[in-house]
2 protein chains.
Amino acid sequence: MEKYRQLNIKLTPQRLAILDYLRDNTNHPSAEDIFKAVKKKFPTMSFATVYNTLETLLNKGGIHELKIETGKKRYDYDVTPHHHIICIKCRKIVDLYKDYKIPLPDEITREFELINKTVEFYGTCRNCKKRH
Amino acid sequence: MEKYRQLNIKLTPQRLAILDYLRDNTNHPSAEDIFKAVKKKFPTMSFATVYNTLETLLNKGGIHELKIETGKKRYDYDVTPHHHIICIKCRKIVDLYKDYKIPLPDEITREFELINKTVEFYGTCRNCKKRH
DNA sequence: CTATCTGCAAACGTTTTGCATCTGT
DNA sequence: ACAGATGCAAAACGTTTGCAGATAG
């Protein structure tokens, strides 16, 4: 795949399995989710390899790290800018592709050079609202 | 203080020290920051009490938990709606009191009942930009 | 061939828990 | 008086690290 080659990293079978899993599971999996899944293909797979690979991919800009959960990182194969809406009950995360222009007050633009922004919306999804 | 009483919790000296610290330190301290500070007043203070108190305050809506750092929670005494801009170099966090109206697409509003939102801006602060 | 990756196990930092004792209300 | 808080130590949890052996390029 084109994206894989552009990363300029050694494409080991383990890394390919991790990349494939991330590509096919856009539900923002945690390191453990990834580990469990790829361990089925590679029974010797270790957490070290998962974390090493995620770290490498992060540095190469191949994935994004989400700070949506406290105490557990989540990963996103989709690095195009987008936002998230999260159900506060079931923690379902839905992607939101909208390029919002959010103006910053002058006292902030004087102090900060803006690089990027993320908007997180919180609410209850239809399913969770139903079961009151 | 009025806010303290409204929490409807037992106001032990330890809790008062934690609340006072949070009230006076709006730099979004971590549990360890809080622990270190209040331990000076209460040498017997334990992490359990800090975490118990923070959990209680969260449930009562007296404080907010910030998901800005991965692997470490930060706390905010200010529960009025606001956003943050974070320096990606020194991790300085500046509050931003702006009530942004951010429109959601119909397919989202059909699926979710919006409760609240937070915007996180990332950039480099003046100090960090200076030292190139 | 060699720079880099894997996998194991041990260590780490943060947060949670069980429980006996103590204390605000 | 008693529901609920404290403080200690141990454990849990996600993540990182050191290192010997393996492997992609």
Side-chain angles (χ1 to χ4, degrees), chain A residues 1 4-22 28-60 62-76 91, chain B residues 1-22 28-60 62-76 91:
Chain A
M1 207 188 185
Y4 292 8
R5 215 165 291 114
Q6 287 175 351
L7 292 168
N8 269 322
I9 58 169
K10 275 195 191 174
L11 290 174
T12 66
Q14 291 90 336
R15 285 181 169 180
L16 285 170
I18 292 170
L19 274 165
D20 286 352
Y21 180 79
L22 283 166
H28 318 86
S30 66
E32 193 184 3
D33 296 333
I34 299 164
F35 172 70
K36 278 186 183 158
V38 293
K39 200 175 175 61
K40 285 177 192 157
K41 257 191 195 165
F42 292 89
T44 63
M45 171 74 60
S46 74
F47 261 109
T49 299
V50 173
Y51 281 113
N52 283 342
T53 300
L54 291 171
E55 179 68 17
T56 303
L57 293 174
L58 276 173
N59 289 338
K60 296 287 181 176
I63 59 172
H64 271 177
E65 184 183 275
L66 304 188
K67 296 191 250 295
I68 279 170
E69 213 82 41
T70 54
K72 185 186 273 185
K73 294 174 185 171
R74 292 174 160 278
Y75 299 90
D76 200 336
R91 309 306 296 175
Chain B
M1 206 189 185
E2 195 46 34
K3 168 161 173 172
Y4 293 7
R5 215 165 292 115
Q6 287 174 351
L7 292 168
N8 270 322
I9 57 170
K10 277 194 191 174
L11 290 174
T12 66
Q14 292 88 337
R15 286 180 167 181
L16 285 171
I18 292 170
L19 275 165
D20 287 352
Y21 180 79
L22 283 165
H28 317 88
S30 66
E32 194 185 2
D33 296 333
I34 299 164
F35 173 70
K36 278 185 183 160
V38 293
K39 200 174 175 63
K40 285 177 192 158
K41 257 190 196 165
F42 292 89
T44 63
M45 170 74 61
S46 73
F47 260 110
T49 299
V50 172
Y51 280 112
N52 282 342
T53 300
L54 291 171
E55 179 66 18
T56 303
L57 292 174
L58 276 173
N59 289 337
K60 296 286 181 177
I63 58 172
H64 271 175
E65 184 183 272
L66 304 188
K67 296 190 250 295
I68 279 171
E69 214 82 40
T70 54
K72 184 187 275 184
K73 293 174 185 171
R74 292 172 160 279
Y75 299 91
D76 200 336
R91 311 305 297 175

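Chain naming here is simple, since letters A, B, ... match the order of the sequence lines and numbering starts at 1 in each. Worth knowing before you read on, the calculation uses all heavy atoms, side chains too, and leaves out hydrogens, waters and symmetry mates.
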Report the distance from atom [atom1] of [X] to atom [atom2] of [N], rounded to the nearest whole Å.
{"X": "A:Asn52", "N": "C:dC8", "atom1": "CG", "atom2": "P", "answer": "13 Å"}
{"X": "A:Asn8", "N": "C:dT4", "atom1": "CG", "atom2": "C1'", "answer": "14 Å"}
{"X": "B:Leu58", "N": "C:dT15", "atom1": "CG", "atom2": "P", "answer": "12 Å"}
{"X": "A:Leu57", "N": "C:dT4", "atom1": "CG", "atom2": "C1'", "answer": "15 Å"}
{"X": "B:Glu65", "N": "C:dT15", "atom1": "CD", "atom2": "P", "answer": "9 Å"}
{"X": "A:Met45", "N": "C:dC8", "atom1": "CE", "atom2": "C1'", "answer": "14 Å"}
{"X": "B:Phe42", "N": "D:dA5", "atom1": "CZ", "atom2": "P", "answer": "16 Å"}
{"X": "B:Asn59", "N": "C:dT16", "atom1": "CG", "atom2": "C1'", "answer": "14 Å"}

Exercise for the section: Output the residues of residues 15-22 of chain B in contact with DNA chain D, where contact means a heavy atom of the residue under 4.0 Å from an atom of the strand; sort by number or write none. Expected result: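 Those residues are B:Arg15.
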Closest contact, heavy atoms only, [X] versus [Y]:
{"X": "B:Lys39", "Y": "B:Pro43", "value": "NZ-O, 2.8 Å"}
{"X": "B:Tyr21", "Y": "B:Ala37", "value": "CE1-CB, 3.2 Å"}
{"X": "B:Ala31", "Y": "B:Val50", "value": "O-CG1, 3.9 Å"}

Could you list, one pair per line, each protein nitrogen or oxygen that sits under 3.5 Å from a nitrogen or oxygen of nucleotides 13-16 of chain D, together with the distance?
from   : atom 1 : to      : atom 2 : distance (Å)
D:dT15 : OP1    : A:Lys73 : N      : 2.9
D:dT15 : OP2    : A:Tyr51 : OH     : 2.4
D:dT15 : O5'    : A:Tyr51 : OH     : 3.1
D:dT16 : OP1    : A:Lys73 : NZ     : 3.4

Counting only pairs under 3.5 Å, give me each side-chain donor-acceptor contact of residues 5-18 of chain A, with atom names and distances, residues two or more places apart or in other chains.
from    : atom 1 : to      : atom 2 : distance (Å)
A:Thr12 : OG1    : A:Arg15 : N      : 3.2
A:Arg15 : NH1    : A:Lys10 : O      : 3.1

Would you list the protein and nucleotides 19-24 of chain C atom pairs, both N or O, that sit under 3.5 Å from each other?
none

Problem - Bending between helix ends of the helix from C:dC1-D:dG25 to C:dT25-D:dA1 [5 pairs per end, 10° resolution] - result: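 So the angle between the two local helix axes works out to 50°.
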Practice task
Specify the residue among A:Thr56 and A:Pro43 whose closest nucleotide of DNA chain C lies further upstream toward the 5′ end.
Solution key: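 The 5'-side residue here is A:Thr56.
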Practice task
Considering just the side-chain nitrogens and oxygens of A:Ser46, establish if one lies under 4.0 Å of OP1 or OP2 belonging to C:dT6.
Solution key: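 So the side chain of A:Ser46 is outside the cut-off, no N or O lying under 4.0 Å from OP1 or OP2 of C:dT6.
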Exercise for the section: With heavy atoms under 4.0 Å as the rule, sort A:Thr49 into base, sugar-phosphate or nothing. Expected result: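 Base contact - A:Thr49 has a heavy atom under 4.0 Å of at least one base atom.
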Separation of [Y] [atom2] from [X] [atom1] (nearest 0.5 Å):
{"X": "A:Asp76", "Y": "A:Leu66", "atom1": "CG", "atom2": "CG", "value": "5.0 Å"}
{"X": "B:Lys73", "Y": "B:Tyr51", "atom1": "NZ", "atom2": "OH", "value": "7.5 Å"}
{"X": "A:His64", "Y": "A:His28", "atom1": "NE2", "atom2": "NE2", "value": "11.5 Å"}

Handout entry: Modelled atom types, side-chain donor and acceptor of B:Thr49 and B:Asn52, under 3.5 Å
Key =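 B:Thr49 vs B:Asn52: no donor-acceptor pair found between side chains.
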Handout entry: Exercise: do A:Thr56 and A:Asn59 side chains pair donor with acceptor under 3.5 Å
Key =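 Side-chain D/A pair, A:Thr56 to A:Asn59: absent.
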Would you say [X] and [Y] make side-chain contact, with heavy atoms under 4.5 Å?
{"X": "B:Tyr75", "Y": "B:Leu58", "result": "yes"}
{"X": "A:Ile34", "Y": "A:Thr53", "result": "no"}
{"X": "B:Lys67", "Y": "A:Ile68", "result": "no"}

Problem - Residues in salt bridge (Lys or Arg N to Asp or Glu O under 4.0 Å) contact with A:Glu69, at least two apart in sequence or another chain - result: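 Expected list: A:Arg74, A:Arg91.
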Problem - Heavy-atom neighbours of B:Lys3 NZ exceed 12 at 6.0 Å - result: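 It does: B:Lys3 NZ has more than 12 such atoms within range.
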